[in-house]
Every structure is written in structure tokens, then in C-alpha cells.
Amino acid sequence: MSEPEKLRVCALYPELMNIYADRGNLLMLRRRCQWRGIAFELTSAGIGEDIDPDGADIFYMGGGQDRDQELCAADLVEHKRESLRAAAARGAIVLGVCGGYQLLGHDYQLGARALPGVGLLDVRTVRSDGPRLTGNVAIEVDLPGAHARVLAGFENHGGRTHLGPQASPLGRVLRGHGNNGSDGYEGARQGSVIGTYLHGPLLPKNAWFADWLISSALGGAALEPLDDELEELAHATARAAAGL
Ligand code: GLN
């Protein structure tokens, strides 16, 4: 089986948007590439930095507190939005987790203010006065080549996200709250852009999804199987924590 040579990942705001160790997702991608002999290149873009739309196969943004999101929202619009749109238009994966997911939508309404989003996902998020949606969560997803697979993780968000007609839910909630605690869906997907509330970090608890992202980002490349005994255990433990 011929393996692709290199995966290029760009982490957006790796310092500000990294709660619940969301950075672990990058480590997971790195390891699973390296174990297969696929080179891994990680770049990052913080406040004030522009990005090259052709410079990565995966653009990634983790979760963050409202105040950190506020800093990033203004910067995204000024320095990164057009490039991210161009990247998504050529099929690059754009993955946002929790606060990162919210900022991939149209906006995040915080009381009287609305933080602008990138608009790559047809979703809107509203900060609620109600309880935070917190706890272990499991969802069932259908993705090309990955039918009825489970993602398990942890959610903690004050925002409620609602999908517009252009976005599909990433999955159906099996356990937990999901996008808004009421419609039974979690996350969103629109072309190669994906958002989810699942921390964990997400990928170490769902190795199959890390591989799905790697393969998709590399144009549907076939990946060599790995010895996933520990990864399967991490996944089973996360599912069990969610009561599945
Ligand atoms: N600050 C956002 C919210 O509370 C996102 C939180 C997060 O990334 N965990 O909804």
C-alpha cells in the first residue's frame, strides 16, 4: 500500500484556544502519521498573523473561554477569514472544537454583543443564561466511509448552537446534550468543515476519527492499520463514562 508523504496541519490560536488539553488532538494526528511513516508538519497562527490558504491540509481550532474567543473572533475576521474560506473551498479540512466550532459559524451572541464568526458553517450560537451543558457525551455519526460510528468525549459549553439549512449535524446524540440540549444533534458539517463540542481531547478518545481526518485531508488516502489496543481502550472508557 503506498502511503502519502506528508500531512500539514495549521493550529489556529494554539495558546488561546486550548482548553481541556485540546492540543492533544494535534499530538494524536502527529503520532498516527509518524507511526505510518507519513511526515507531519505543524504550523500555527496566532493573533495578528495571516495564514496561507494553501499552506495546510487541516486547519484546527480548539476550545476557549468566552473572553479568549472574543480576542480571536476579531482577529479571525481581520486576518484569517478569507484564507480559511479559500482553504475550505479547495477541500482542506477545517476542524473546530467547542469555542472553535462556535467561531466557524456566523456568530456567537453574548448578551447584547455578537462576536462575528468565519461563516464556514451555517450555524449560530447564543450564550444562554441557563445552565452550562456539561458532561460526558456520545454521538453516532455517519461520514463517507464511516457509517454509524461513535464519537465519545466531554462537553462543557454555555452557548447553544442552532443549525441552518446548509449545515448537517455531525451526529445524533446518544448520551449528553449536544448542540443545544434540545434537538438531539451534535456538531455540524458542511463540506470539509467540521465543528463539534466534544473535548476529551477528541482524537485520542476516537482514533478512528483521527484516521478519518488524516485520510480525508490527504484526498482519501488508504492508511495502514495500527496496533490500536490502547486507543480502543481509551474509546471504550470514554463511551462507558458517557453511559454507553
Ligand atoms: N466559551 C464557550 C461556551 O461556553 C466555549 C467553551 C468551550 O470551548 N469549552 O459556550
*Who else is in Tyr20's hydrophobic cluster (ILVMFWY, side-chain heavy atoms under 4.5 Å, direct or via others)?*
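Traced through the cluster, Tyr20 reaches Ile19, Phe154.
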*Residues sharing Leu110's hydrophobic cluster, by side-chain heavy-atom contacts under 4.5 Å among ILVMFWY, directly or via others?*
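Same cluster as Leu110: Tyr108, Leu115.
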*Pairs touching residues 34-87 that satisfy ring pair (Phe, Tyr, Trp, His ring centres under 6.0 Å), sequence neighbours left out*: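 Found none.
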_Taking ring pair (Phe, Tyr, Trp, His ring centres under 6.0 Å) as the cut-off, I'd like each qualifying pair that reaches into residues 155-185, sequence neighbours left out, listed once._
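Matches after skipping sequence neighbours: His157-Tyr197.
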*Passing candidate, side-chain contact (heavy atoms from CB on, under 4.5 Å) with Tyr101, options Asn179, Thr125, Val193*: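 The side-chain contact (heavy atoms from CB on, under 4.5 Å) with Tyr101 is passed solely by Asn179 among Asn179, Thr125, Val193.
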Taking only residues two or more places apart in sequence or in another chain, which ones pass side-chain hydrogen bond (donor to acceptor under 3.5 Å, both in side chains) with [X]?
X: Arg30; result: none
X: Arg8; result: Asp57
X: Arg90; result: Asp54

_Test salt bridge (Lys or Arg N to Asp or Glu O under 4.0 Å) applied to Asp183 - qualifying residues, sequence neighbours left out_ =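 Residues passing salt bridge (Lys or Arg N to Asp or Glu O under 4.0 Å) with Asp183: none at all.
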Can you name the side chain to side chain contact (heavy atoms under 4.5 Å, CB included) partners of [X], sequence neighbours left out?
X: Glu49; result: Ala45
X: Ala241; result: Asn136
X: Ala234; result: none
X: Val126; result: Gln109

*Between Gln102 and Thr161, do the side chains contain an N or O donor and an N or O acceptor separated by less than 3.5 Å?*
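Thr161 and Gln102 do not have a side-chain donor-acceptor pair below 3.5 Å.
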*Counting N and O atoms only, with roles assigned by atom type, does the side chain of Arg23 sit under 3.5 Å from a partner on the main chain of Pro14, one being a donor and the other an acceptor?*
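Here the side-chain-to-backbone pair exists.
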